[in-house]
Amino acid sequence: MDDESSRHLGYLMCLFELKHGERLIKEGLHSASMYIVYSGCLRISTAAGKSQVRLAELKEGEWVGEIALLDPGPASASVHVHGETTVLEFSHQALQQFIHDRPSGALCLLNALALRLASRLNQTSEGMVQSSDSGLHLVKPTRETKAGLVTTMLRMLHRDKEGQ
Amino acid sequence: MSNTILFAKRGFFGVLTPGEMSRLEKLLPVKEYRKGHVFWKAGSKLREDSPAVFIIMEGQVSVASEVSDITQVPVARTLNAGEMFGLVTFLQSEVHTATCRAATKVMAASITRAEFESLRSKDLPLGTALMFAMARQLARDVRACNQRLVDAIRGPAAKPAR
């Protein structure tokens with residue numbers, strides 16, 4: 001993605017400072033945004049009976065909610081803040097604006113998201129097939145890595161902040 | 001019924017303007033496939049000149065994840081009008097990961113990799129809109145796949161009411 005598109009994408013996102021223990025996403029409720037950890041930590045969990053099972057912990061540069069970004073709907077897990085945390089919110093509405101304003105940058109972003117989702121689909125499908133003989137088990141969630149895309153966006157935001 | 005009406009009826013390309021819809025109609029001809037038609041088998045190689053992605057306009061397509069004897073393979077999922085298939089192979093590999101067969105008479109539009117590459121270079125907004133539709137379909141597929149896993153683990157009784 002070119003610098004101008006990255007910068008424009010940054011402007012379409014909202015920066016939120018959150019306190020320890022705050023809930024960002026509630027399982028089962030409508031969600032229409034992706035959240036990128038700018039600093040701090042987010043914890044993803046799901047209900048298992050009366051308790052919560054932690055699925056993953058996200059650090060700086062990692063994100064959650066790409067499915068909600070592309071196709072808003074009920075969240076499949078809850079997300080809570082752990083420690084003082086700043087997140088970037090990328091909403092479905094902002095994505096549509098970005099597609100309209102910067103189709104070239106949007107194509108790059110959508111291609112990256114589609115590739116990640118295709119990988120996840122393969123992993124989950126394989127997990128289901130492999131477990132069909134010996135009883136189903138949860139596929140271990142893959143840890144989000146710092147993708148070049150988000151790193152670029154964060155770098156652009158840092159650069160803009162320093163320039164102000 | 002014109003292809004444009006079929007596209008619009010399916011609400012598939014919510015981000016497209018009527019003009020873009022019309023351009024897409026010319027690029028993606030809709031064809032009819034008889035019940036039982038095999039679009040591809042799992043393990044087969046994607047040819048460059050073959051349709052890579054199908055968009056179902058009418059009818060249903062069954063998707064199964066194994067190759068061997070198709071009559072014994074349980075159907076993993078049934079796709080309906082408005083849904084796409086072939087995306088994982090289109091994006092990631094040369095080999096089809098599932099067998100796709102027409103469960104009923106099917107009307108579907110299709111696009112090859114070369115056609116998509118041409119589209120994105122000649123008509124960027126339309127190429128981006130199509131990629132958005134593909135990414136959105138993958139998001140729905142992942143959500144459905146996750147839900148099947150959760151349902152299988154928790155049991156059907158735990159499935160939340162929609």
Side-chain angles (χ1 to χ4, degrees), chain A residues 5 27-29 31 34 46-49 53 55 65-77 92 95-132 135-139 141, chain B residues 14-17 20 42 53 63-66 73-74 76-77 84-93 95 97-98 116-117 119-121 123-155 158 160-162:
Chain A
S5 293
E27 185 173 354
L29 292 189
S31 182
M34 182 171 98
T46 187
V53 176
L55 298 174
E66 67 235 77
I67 293 175
L69 169 72
L70 293 163
D71 185 38
S76 58
H92 182 71
L95 173 63
Q96 287 186 313
Q97 187 67 48
F98 187 55
I99 289 170
H100 178 266
D101 296 346
R102 301 271 171 184
S104 174
L107 183 61
C108 179
L109 173 75
L110 290 165
N111 193 58
L113 287 171
L115 277 168
R116 285 175 49 80
L117 288 168
S119 293
R120 277 179 64 180
L121 203 55
N122 257 343
Q123 286 168 359
T124 312
S125 299
E126 281 169 13
M128 289 183 84
V129 170
Q130 283 165 10
S131 58
S132 61
L136 277 162
H137 60 272
L138 264 176
V139 176
Chain B
V15 292
L16 294 189
T17 63
E20 287 170 336
V53 172
V63 182
S65 56
E66 291 176 57
V73 174
R77 197 178 169 205
M84 306 169 97
F85 59 96
L87 295 169
V88 173
T89 307
F90 174 76
L91 290 163
Q92 272 203 321
S93 70
V95 178
T97 54
F116 182 73
E117 288 306 318
L119 173 64
R120 63 192 281 179
S121 62
D123 192 336
L124 185 59
L126 193 54
T128 304
L130 189 55
M131 180 53 84
F132 176 46
M134 290 180 182
R136 189 176 60 176
Q137 176 69 56
L138 282 165
R140 288 175 178 172
D141 290 347
V142 172
R143 180 181 276 141
C145 203
N146 286 342
Q147 190 58 53
R148 285 205 303 277
L149 260 178
V150 170
D151 288 347
I153 292 161
R154 292 179 180 168
R162 292 188 184 272

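In what follows, chains carry the letters A, B, and so on, assigned in the order in which the sequence lines appear, proteins first and then strands, with residues in each chain numbered from 1. Every heavy atom of this structure was used, including side-chain atoms; hydrogens, water molecules and symmetry mates were not.
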Kindly write out the residues that satisfy ring pair (Phe, Tyr, Trp, His ring centres under 6.0 Å) with Phe98(A), not counting sequence neighbours, or none if the list is empty. none
Between atom SG of Cys108(A) and atom CG of Leu113(A), what is the distance when rounded to the nearest 0.5 Å? 10.0 Å
Can you tell which part of Leu138(B) gets under 4.5 Å to a heavy atom of chain A, answering side chain, backbone, both or neither? both
Checking Asp123(B) now: which residues fulfil salt bridge (charged side-chain N to carboxylate O under 4.0 Å, His left out) with it, not counting sequence neighbours? Arg23(B)
Measure distances from Leu69(A) to the heavy atoms of chain B and classify the residue's part below 4.5 Å as side chain, backbone, both or neither. neither
Selection from Ser76(A), Ala106(A), Ser104(A) maximising heavy-atom pairs under 4.5 Å formed with chain B: Ser104(A)
Within-4.5 Å side-chain heavy-atom neighbours: Leu95(A) and Leu109(A): yes
